[in-house]
Peer 1: 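Below are the structure tokens for one structure; questions will follow.
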Amino acid sequence: MNPSFDRPLRIAVLLNSYRSPFINDIRDSYIRSIGAVSPDAVLSFYRPAEKADDLPYPAAYDLIVIGGGNVDARAKHPWILRVQEFILDVVKNHPGKKIVGICWGHQTISLLFGAELVDIELPEMGVTEAKLTPAGRRFFGRPHGNGVLLLQQHHRREVGIAPRGFSPLLAGNQSFLSHNGTVLTFQGHPEKDAQCAKLRIHDASRWFGVGLDDQAALAEFKKSMEKEHDGAEVWSRVLEWAREKHPALAAHEVHL
């Protein structure tokens with residue numbers, strides 16, 4: 001273990017859902033999922049979509065999580081622009097600070113570094129698998145054997161063109177790691193368990209045309225959300241990565 005981390009990790013989580021009735025449930029899912037692999041981690045939550053300038057002071061944290069959201073990442077709402085400015089400021093003025101983007105955060109970070117975001121014909125909902133790239137196998141310590149990650153998904157947009165200065169860890173632009181090793185993103189949700197995923201079961205209606213009274217069809221979506229997934233493994237590796245030092249940052253900058 002890095003000797004500078006003989007204390008619990010300090011983690012800031014940005015909850016980017018606008019007027020969501022489930023915001024506290026989303027917060028609790030982070031507490032459950034991270035607490036399961038690191039009970040002593042200290043989590044602080046911020047709600048920039050609801051409170052102007054509710055953003056963390058980067059130097060106070062070891063890891064900053066740019067969480068999921070319920071608004072198109074391409075939108076120009078003032079709070080979205082503030083979050084974008086915050087991310088760019090951390091990258092530029094706090095070198096070495098670890099950032100992880102999840103779902104909306106993955107898409108937002110990708111956009112900031114030259115990616116293209118596209119609408120997908122068939123949204124993803126429930127636990128799905130994504131193939132590890134060679135870089136992903138190295139990052140997750142899976143040189144042989146199982147070459148996929150299983151994660152909860154809940155999205156109808158995806159990264160179509162990869163961002164500059166990043167390597168893909170999962171096929172299909174589902175995960176990226178910056179070349180300098182300090183920015184990590186996932187389209188999937190390692191923080192979501194079935195309990196949290198089912199809160200958005202109503203999206204089966206507007207995304208797939210399933211009637212909310214069609215219990216058989218809804219049961220199939222719920223079954224998908226109840227599948228085993230690799231969220232715990234992902235968080236374990238993310239927190240290990242958050243403790244790692246990257247001395248050669250200057251040689252591999254993330255270009256703004």
Peer 1: Specify the closest pair of heavy atoms between Phe221 and Val210, including all atoms of both residues, with the distance to one decimal.
Peer 2: CE1-CG2, 3.7 Å
Peer 1: Counting only pairs under 3.5 Å, give me each side-chain donor-acceptor contact of residues 120-128, with atom names and distances, residues two or more places apart or in other chains.
Peer 2:
from	atom 1	to	atom 2	distance (Å)
Glu124	OE1	His155	NE2	2.7

Peer 1: Would you say the side-chain atoms of Lys98 pair up with the backbone N or O of Trp241, donor to acceptor, closer than 3.5 Å?
Peer 2: yes
Peer 1: Quick check for you: to the nearest 0.5 Å, what is the distance between His106 atom NE2 and Leu170 atom CG?
Peer 2: 9.0 Å
Peer 1: In Å, rounded to the nearest 0.5 Å, how long is the span from CD1 of Ile102 to CD1 of Ile66?
Peer 2: 10.0 Å
Peer 1: Taking all non-hydrogen atoms of both residues, which atom of Ala73 and which atom of Thr108 are closest, and how far apart?
Peer 2: CB-OG1, 3.6 Å
Peer 1: Quick one, Thr182 with Ile99, criterion side chain to side chain contact (heavy atoms under 4.5 Å, CB included). Give me CA distance, side-chain angles, the key distance, then yes/no.
Peer 2: CA-CA 6 Å; Thr182 63; Ile99 302 174; over 6 Å; no
Peer 1: Do Arg47 and Arg27 have side-chain heavy atoms sitting under 4.5 Å apart?
Peer 2: yes
Peer 1: Closer than 3.5 angstrom, by distance alone: can the side chain of Ser205 be matched with the main-chain N or O of Gly209 as a donor-acceptor pair?
Peer 2: no
Peer 1: Below 4.0 angstrom, N of the basic side chain to O of the carboxylate: do Asp230 and Arg237 qualify?
Peer 2: no
Peer 1: Kindly check if the number of other-residue, nucleotide or ligand heavy atoms within 6.0 Å of CZ (Arg19) is above 12?
Peer 2: no
Peer 1: Could you check if a side-chain atom of Asp62 sits within less than 4.5 angstrom of a side-chain atom of Ile11, using non-hydrogen atoms only?
Peer 2: no
Peer 1: Are Leu150 and Phe140 connected into the same hydrophobic cluster when the rule is that any two of I, L, V, M, F, W, Y join if their side-chain heavy atoms are below 4.5 Å apart?
Peer 2: no
Peer 1: Indicate the atoms forming the closest heavy-atom contact of Leu149 with Arg142, along with that distance.
Peer 2: CD2-NH2, 3.7 Å
Peer 1: Do Leu212 and His202 touch side chain to side chain, with heavy atoms closer than 4.5 Å?
Peer 2: yes
Peer 1: Taking Ser175 for the side chain and Thr185 for the main chain, is one N or O donor matched with an acceptor at less than 3.5 Å?
Peer 2: yes
Peer 1: Compute the ring centroids of Phe113 and Phe176, then answer whether they are less than 6.0 Å apart.
Peer 2: no
Peer 1: Between Val42 and Tyr61, is there shared hydrophobic-cluster membership here, with clusters defined by ILVMFWY side-chain heavy atoms closer than 4.5 Å?
Peer 2: no
Peer 1: Mark yes or no for whether His229, through its side chain, and Gly231, through its backbone, hold a donor-acceptor pair below 3.5 Å.
Peer 2: yes
Peer 1: So that I know where these two stand, are His77 and Tyr18 an aromatic pair - ring centroids less than 6.0 Å apart?
Peer 2: no
Peer 1: For Pro168, is there any backbone N or O sitting under 3.5 Å from a side-chain donor or acceptor partner on Thr133?
Peer 2: yes
Peer 1: Start with the C-alpha distance between Asp53 and Arg82, add both sets of side-chain angles, then the distance that settles salt bridge (charged side-chain N to carboxylate O under 4.0 Å, His left out), and finish with yes or no.
Peer 2: CA-CA 7 Å; Asp53 300 317; Arg82 287 195 297 270; 3.6 Å; yes
Peer 1: Is there a donor-acceptor pair under 3.5 Å between the side chain of Lys97 and the backbone N or O of Val91?
Peer 2: no
Peer 1: Tell me whether Leu81 shares a hydrophobic cluster with Leu111, the cluster being built from Ile, Leu, Val, Met, Phe, Trp, Tyr side chains joined at under 4.5 Å.
Peer 2: no
Peer 1: Using atom types as modelled and distance alone, determine if a side-chain donor or acceptor of Gln84 lies under 3.5 Å from a backbone N or O of Leu112.
Peer 2: no
Peer 1: Say you draw a straight line from CD1 of Ile23 to CG of Leu15; how long is it, rounded to the nearest 0.5 Å?
Peer 2: 4.5 Å
Peer 1: What closest approach, in Å, do Pro48 and Leu55 show between heavy atoms, and which atom pair accounts for it?
Peer 2: CB-CD2, 3.9 Å
Peer 1: Would you check if Ser44 and Val13 make a side-chain contact, meaning some heavy-atom pair closer than 4.5 Å?
Peer 2: no
Peer 1: Does any N or O in the side chain of Trp235 come within less than 3.5 Å of the main-chain N or O of Pro190, such that one atom is a donor and the other an acceptor?
Peer 2: yes
Peer 1: Quick one: CZ on Arg243 to CG on Asp6, what's the gap to the nearest 0.5 Å?
Peer 2: 9.5 Å
Peer 1: Within the structure provided, determine whether Asn16 and Val83 are in side-chain contact (heavy-atom separation under 4.5 Å).
Peer 2: yes
Peer 1: Can you tell if the side chain of Phe86 reaches within under 4.5 Å of the side chain of Tyr46, non-hydrogen atoms only?
Peer 2: no
Peer 1: As an exercise, state the distance from CG of Asn70 to OG of Ser20, rounded to the nearest 0.5 Å.
Peer 2: 5.5 Å
Peer 1: Testing Gln174, Gln107, Gln153 one by one against Gln187 for a side-chain hydrogen bond (donor to acceptor under 3.5 Å, both in side chains), which residue passes?
Peer 2: Gln107
Peer 1: For Ser17 versus Gly69, what's the shortest heavy-atom pair and its separation?
Peer 2: OG-CA, 3.9 Å
Peer 1: Going by heavy atoms in the side chains, are Pro58 and Ile64 under 4.5 Å from each other?
Peer 2: yes
Peer 1: Treating Ile, Leu, Val, Met, Phe, Trp and Tyr as nodes and any side-chain heavy-atom pair under 4.5 angstrom as an edge, say whether Leu9 and Val234 lie in one connected cluster.
Peer 2: yes
Peer 1: What verdict does the side chain to side chain contact (heavy atoms under 4.5 Å, CB included) test give for Leu184 and Leu169, after you've listed the backbone C-alpha separation in whole Å, the side-chain angles of each residue and the deciding distance to 0.1 Å?
Peer 2: CA-CA 9 Å; Leu184 175 64; Leu169 301 186; 3.5 Å; yes
Peer 1: Output yes when a side-chain donor or acceptor of Arg156 lies under 3.5 Å from a complementary backbone atom of Trp207, and no otherwise.
Peer 2: no
Peer 1: Does one hydrophobic cluster hold both Met225 and Ile26, with members joined at side-chain heavy-atom distances below 4.5 Å?
Peer 2: no
Peer 1: Measuring from Phe139:CZ to Leu132:CG, what's the distance to the nearest 0.5 Å?
Peer 2: 11.0 Å
Peer 1: Return yes when atom CD of Glu233 has more than 12 non-hydrogen atoms of other residues, nucleotides or ligands closer than 6.0 Å, and no otherwise.
Peer 2: yes
Peer 1: For residues 192-201, please give each side-chain donor-acceptor pair under 3.5 Å, one per line with the distance, not counting sequence neighbours.
Peer 2:
from	atom 1	to	atom 2	distance (Å)
Asp193	OD1	Arg32	NH2	3.0
Asp193	OD1	Gln195	N	3.4
Asp193	OD1	Cys196	N	3.0
Asp193	OD2	Arg32	NE	2.8
Asp193	OD2	Arg32	NH2	3.1
Lys198	NZ	Glu226	OE2	2.3
Arg200	NE	Asp203	OD2	3.0
Arg200	NH2	Asp203	OD2	2.7

Peer 1: Tell me, with the steps shown, if His179 and Ser167 meet side chain to side chain contact (heavy atoms under 4.5 Å, CB included).
Peer 2: CA-CA 7 Å; His179 291 169; Ser167 298; 3.3 Å; yes
Peer 1: Assess whether salt bridge (charged side-chain N to carboxylate O under 4.0 Å, His left out) is satisfied between Asp119 and Arg157, documenting all intermediate values.
Peer 2: CA-CA 4 Å; Asp119 299 311; Arg157 305 176 188 92; 3.7 Å; yes
Peer 1: Looking at Ile80, Ile109, Asp72, Leu14, which hits side chain to side chain contact (heavy atoms under 4.5 Å, CB included) with Trp104?
Peer 2: Ile80
Peer 1: Identify the two heavy atoms, one from Val159 and one from Ile161, that lie closest to each other, and give their separation to 0.1 Å.
Peer 2: CG1-O, 3.3 Å
